[in-house]
Amino acid sequence: GEDVEQSLFLSVREGDSSVINCTYTDSSSTYLYWYKQEPGAGLQLLTYIFSNMDMKQDQRLTVLLNKKDKHLSLRIADTQTGDSAIYFCAESANQGGKLIFGQGTELSVKP
Amino acid sequence: DAGVTQSPTHLIKTRGQQVTLRCSPKSGHDTVSWYQQALGQGPQFIFQYYEEEERQRGNFPDRFSGHQFPNYSSELNVNALLLGDSALYLCASSTPGQGIAGELFFGEGSRLTVL
């Protein structure tokens, strides 16, 4: 079946690195995404990775994919208070198709 | 360039009633997806519309139905409301083959409370 799991909370100090983890079960997942949701706002795509990649870096964001273990992580370098939000991992078997989301990780950044 | 707009932003209904939620996609987008996000949960896929037809559907009962109009806007209808239908309903638009891996652009959602 399709399932995506994340830890629920993460608290870090400003300036530290944050690592948010996600596991998924669907071996046909082709696209894996990280979305950010701030209070009262919709979801914003942060970054994505194709299943044939194992790492992607985009400014302060690094995505690591271990396809064998079906494990995805998002590292945010130099975390700022403005990064406080809920982060969702999502997977899709086809481009533009339905997304399966995790339950979200609430990141709290303390000054 | 307007993004995805949804209406209403908040509404309250009672059990058994019916509700219609509306979505206008981002300019240039022709595909609309609907998601239900219960409090403290991740969004769950309801269905996707393309060329005025339901192209894909998630695990939701027939009480949930939708429509897409020729201008690509969309409606989500929920009949015989249950308390468990209380959630944030998110609309997302996209265009196949464009953007980042068919990137979805989400609206801010319609918050439905069923009493």
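In what follows, chains are A, B, ... by sequence order, proteins preceding strands, each numbered from 1. These numbers come from the heavy atoms of this one structure, side chains and all, not from hydrogens, waters or symmetry mates.
Residue Leu83(B) qualifies as enclosed at atom CG: its count of foreign heavy atoms under 6.0 Å is above 12. Counting heavy-atom neighbours within 6.0 Å of Tyr72(B) OH, excluding the residue itself, gives a total of 12 or less. The neighbour count for Asn71(B) CG, taken as heavy atoms of other residues, nucleotides or ligands under 6.0 Å away, is above 12.
A 4.5 Å side-chain heavy-atom check between Leu88(B) and Gln37(A) finds at least one atom pair inside the cut-off. You'll find the side chain of Leu45(A) stays beyond 4.5 Å of the side chain of Leu104(B), heavy atoms only. Contact annotation: the side chain of Tyr35(A) never approaches that of Pro43(B) to less than 4.5 Å [non-hydrogen atoms, C-beta and beyond].
The backbone N or O of Lys98(A) lies less than 3.5 Å from no partner atom in the side chain of Tyr35(B), so there is not a single donor-acceptor pair.
The same ILVMFWY cluster, assembled from side-chain heavy atoms under 4.5 Å apart, contains both Leu65(A) and Met53(A). By the rule that hydrophobic residues join a cluster once side-chain heavy atoms approach within less than 4.5 Å of another member, Ile86(A) and Leu10(A) end up as members of one cluster. Hydrophobic clustering (side-chain heavy atoms under 4.5 Å, transitive across Ile, Leu, Val, Met, Phe, Trp, Tyr) keeps Leu64(A) apart from Ile49(A).
For the pair Gln37(B) and Phe88(A), the tightest heavy-atom approach, listed with the atom from each and the gap, is NE2-CZ, 3.3 Å.
With chain A as partner, the option from Gln6(B), Arg57(B), Gln48(B) having the largest number of non-hydrogen pairs under 4.5 angstrom is Gln48(B).
Here the CD atom belonging to Gln44(B) is positioned 11.0 Å from the CD atom belonging to Gln103(A), to the nearest 0.5 angstrom. With rounding to the nearest 0.5 angstrom, the CG atom of Leu99(A) is 6.0 Å from the CZ atom of Phe106(B).
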